[in-house]
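A, B, ... follow the sequence lines: proteins, then strands. Residue 1 opens every chain. Because the structure is a prediction, the values reported are computed rather than measured.
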Number of protein chains: 2
Amino acid sequence: MTTTETFHIPIPVHVDETMMKEHFLTDVSINSVLFSYHDEKLHVLLLRLTTSDHFMLPGGFIKKEEDVDEAAIRNLEEMTGLDQIYLQQFYVAGNAGRTCDPNALDAFKKFGLQKIEQWLTDRKVSVCYYALVNSPELQLKVNEAIICEIKWTPVEELPPLLFDHQMVIDKAIRRLQLDMDRKVISTYLLNETFTMPELQKLYEAVYQEKLTRSNFQRRMLNLDILERLGKRHDGGSHRAPYLYRFNPSKIEMVLN
Amino acid sequence: MTTTETFHIPIPVHVDETMMKEHFLTDVSINSVLFSYHDEKLHVLLLRLTTSDHFMLPGGFIKKEEDVDEAAIRNLEEMTGLDQIYLQQFYVAGNAGRTCDPNALDAFKKFGLQKIEQWLTDRKVSVCYYALVNSPELQLKVNEAIICEIKWTPVEELPPLLFDHQMVIDKAIRRLQLDMDRKVISTYLLNETFTMPELQKLYEAVYQEKLTRSNFQRRMLNLDILERLGKRHDGGSHRAPYLYRFNPSKIEMVLN
DNA sequence: CCAAAAGTGTTCAACCTACACCCATGC
DNA sequence: GCATGGGTGTAGGTTGAACACTTTTGG
């Protein structure tokens with residue numbers, strides 16, 4: 001999946017409400033805000049049922065014998081094929097009316113999800129995670145049934161969303177900003193090696209503000225977790241920037 | 001309730017499992033870590049069933065038509081009679097095995113809670129809040145049935161706890177520490193007026209470390225949210241400290 | 001007058017900000 | 001050589017830690 005196309009993933013529809021109730025917790029769900037950084041922008045992964053104009057966050061349910069954290073991981077794996085992802089619980093969306101979105105109801109109905117439509121729009125308390133993905137190339141795994149659209153969207157261009165997902169994303173961004181200052185989670189959003197200007201652009205995308213080049217450089221170097229490697233020349237008519245890498249042994253201490 | 005005695009509150013037992021399932025969400029619960037500050041120590045409110053040696057956090061369940069935040073507030077009100085409390089969601093305890101605590105099962109059984117024993121030890125995802133209470137004087141409201149012990153416990157002297165409540169308290173303290181630096185929540189733990197040494201001792205209790213007197217004073221004054229009132233002399237053979245008050249108009253901006 | 005507690009001042013280092021200057025590269 | 005982008009240095013301000021000094025009060 002490139003960063004500009006949209007893609008289609010299948011979601012299973014052979015399930016019915018009885019099956020869901022048997023295997024899953026009935027009034028808890030999971031929603032994940034997947035962040036990815038590319039094209040100098042912070043992106044969020046969104047889904048759209050083909051029967052709706054509105055997008056939504058990926059999510060899932062918790063098996064009865066499964067930890068909530070496990071369920072969040074399983075969910076991401078099922079959807080993206082990725083398993084070494086930074087995952088952080090950050091919020092519980094618990095308003096009683098949050099699943100009563102007529103747009104969602106309508107979309108589910110048209111979509112042919114009658115068998116679990118009730119289940120999907122029943123009152124749910126949603127445990128929200130944010131996840132950091134350094135590559136937007138998703139290995140899609142789900143192999144059955146109906147198709148929906150999946151898309152990386154820049155955070156400053158979010159379309160209308162179902163349920164309370166706009167608010168959930170806002171909270172996720174706020175939390176990501178706070179965590180960026182306390183932990184060294186930029187590792188999870190970049191390739192293994194990167195230049196200082198690239199790192200700076202990531203910070204600018206997350207905080208949605210410009211930073212001063214020279215001061216940013218010093219700040220990062222003072223953290224004492226960067227290893228300077230060789231230089232990398234991109235063919236541009238300017239000086240070649242150094243490549244850096246996060247020093248794994250030093251990061252552990254900072255990662256809470 | 002003074003700060004040294006333990007107290008007994010009644011909890012209702014006329015309910016049975018069918019009633020619970022009809023009115024409440026089945027696999028979500030709430031736990032609250034109530035913090036109070038007195039005797040120069042940070043305290044947590046703990047309950048103990050008279051049939052157990054182990055203490056536990058107060059908690060409750062969520063009505064089907066009720067927001068989770070509302071439920072947390074209702075819960076606190078029912079238990080303490082207090083309604084202007086600072087309440088902050090901070091964690092979801094979601095491990096599958098967390099409610100399988102043989103000590104708890106045993107205590108519930110002996111306690112005569114057969115009718116909802118199954119309900120109480122069924123797998124539950126717990127939304128955890130911390131709350132700030134500036135007065136340990138609780139107005140107890142619940143008026144029926146069985147008695148259990150309720151006690152303010154200094155955080156450095158926590159007894160053995162049921163379920164995963166020790167871990168929940170640890171996380172609550174960590175979160176409280178982070179929040180103390182970002183917001184001005186000390187208001188909720190002190191009387192309206194206080195002296196600088198009193199404020200310092202609160203910080204020392206929360207961070208569990210000594211702070212330098214002169215620097216602490218400057219730091220607090222530089223926040224520009226304190227109003228200096230008169231002096232207060234306690235009869236001690238030393239200089240009388242000033243009284244301070246948080247300036248309500250300036251606090252709002254800092255309270256997120 | 002002394003001890004104890006509270007308030008204030010001084011110094012030093014760390015760090016942030018702004019801005020200037022130097023280096024490498026392609027056209 | 002010059003525009004562009006990257007790297008480094010410097011001056012000024014702010015912040016925080018450590019510690020010394022002063023003020024108030026009771027015995």
Problem set entry | Contact boundaries on DNA chain C for chain B, cut-off under 4.0 Å to non-hydrogen atoms | C:dA3 to C:dT10
Problem set entry | side-chain contact (heavy atoms from CB on, under 4.5 Å) against B:Glu204, all qualifying residues, sequence neighbours excluded | B:Gln200, B:Lys201, B:Lys210, B:Leu211
Exercise. Considering residues at least two apart in sequence or located in another chain, which fulfil the salt bridge (charged side-chain N to carboxylate O under 4.0 Å, His left out) criterion with B:Arg218?
Worked result: none
Problem set entry | Partner residues of A:Thr212 under the side-chain contact (heavy atoms from CB on, under 4.5 Å) criterion, sequence neighbours left out | A:Ser214, A:Asn215
For this session: Hey, could you give me each pair passing salt bridge (Lys or Arg N to Asp or Glu O under 4.0 Å) that has a residue in residues 155-171 of chain B? Not counting sequence neighbours.
Result: B:Lys41-B:Glu157, B:Arg98-B:Asp164
Exercise. B:Leu243 CG to D:dT24 C1': how many Å, rounded?
Worked result: 16 Å
Exercise. How close or far is atom C1' of D:dG6 from atom CG of A:Leu199, stated in whole angstroms?
Worked result: 14 Å
Seminar exercise, completed: Separation of D:dA3 atom C1' from A:Arg239 atom CZ, nearest Å, is 16 Å
Seminar exercise, completed: The side-chain contact (heavy atoms from CB on, under 4.5 Å) partners of B:Tyr242 (sequence neighbours excluded) come to B:Arg228, B:Lys231, B:Tyr244
Exercise. Salt-bridged, A:Glu70 to A:Arg74, with N to O below 4.0 Å?
Worked result: no
For this session: For DNA chain D, find the residues of residues 204-223 of chain B with a heavy-atom distance under 4.0 Å and give them by number; none if there aren't any.
Result: B:Thr212, B:Ser214, B:Asn215, B:Arg218
Exercise. B:Tyr203 has an atom OH; how far is it from atom P of D:dG16, in whole Å?
Worked result: 12 Å
Problem set entry | Set of side-chain contact (heavy atoms from CB on, under 4.5 Å) partners for A:Leu87, sequence neighbours left out | A:Ala72, A:Ile73, A:Leu76, A:Tyr129, A:Ala131
For this session: Would you please name every residue forming a ring pair (Phe, Tyr, Trp, His ring centres under 6.0 Å) with B:Phe246, sequence neighbours left out?
Result: B:Phe194
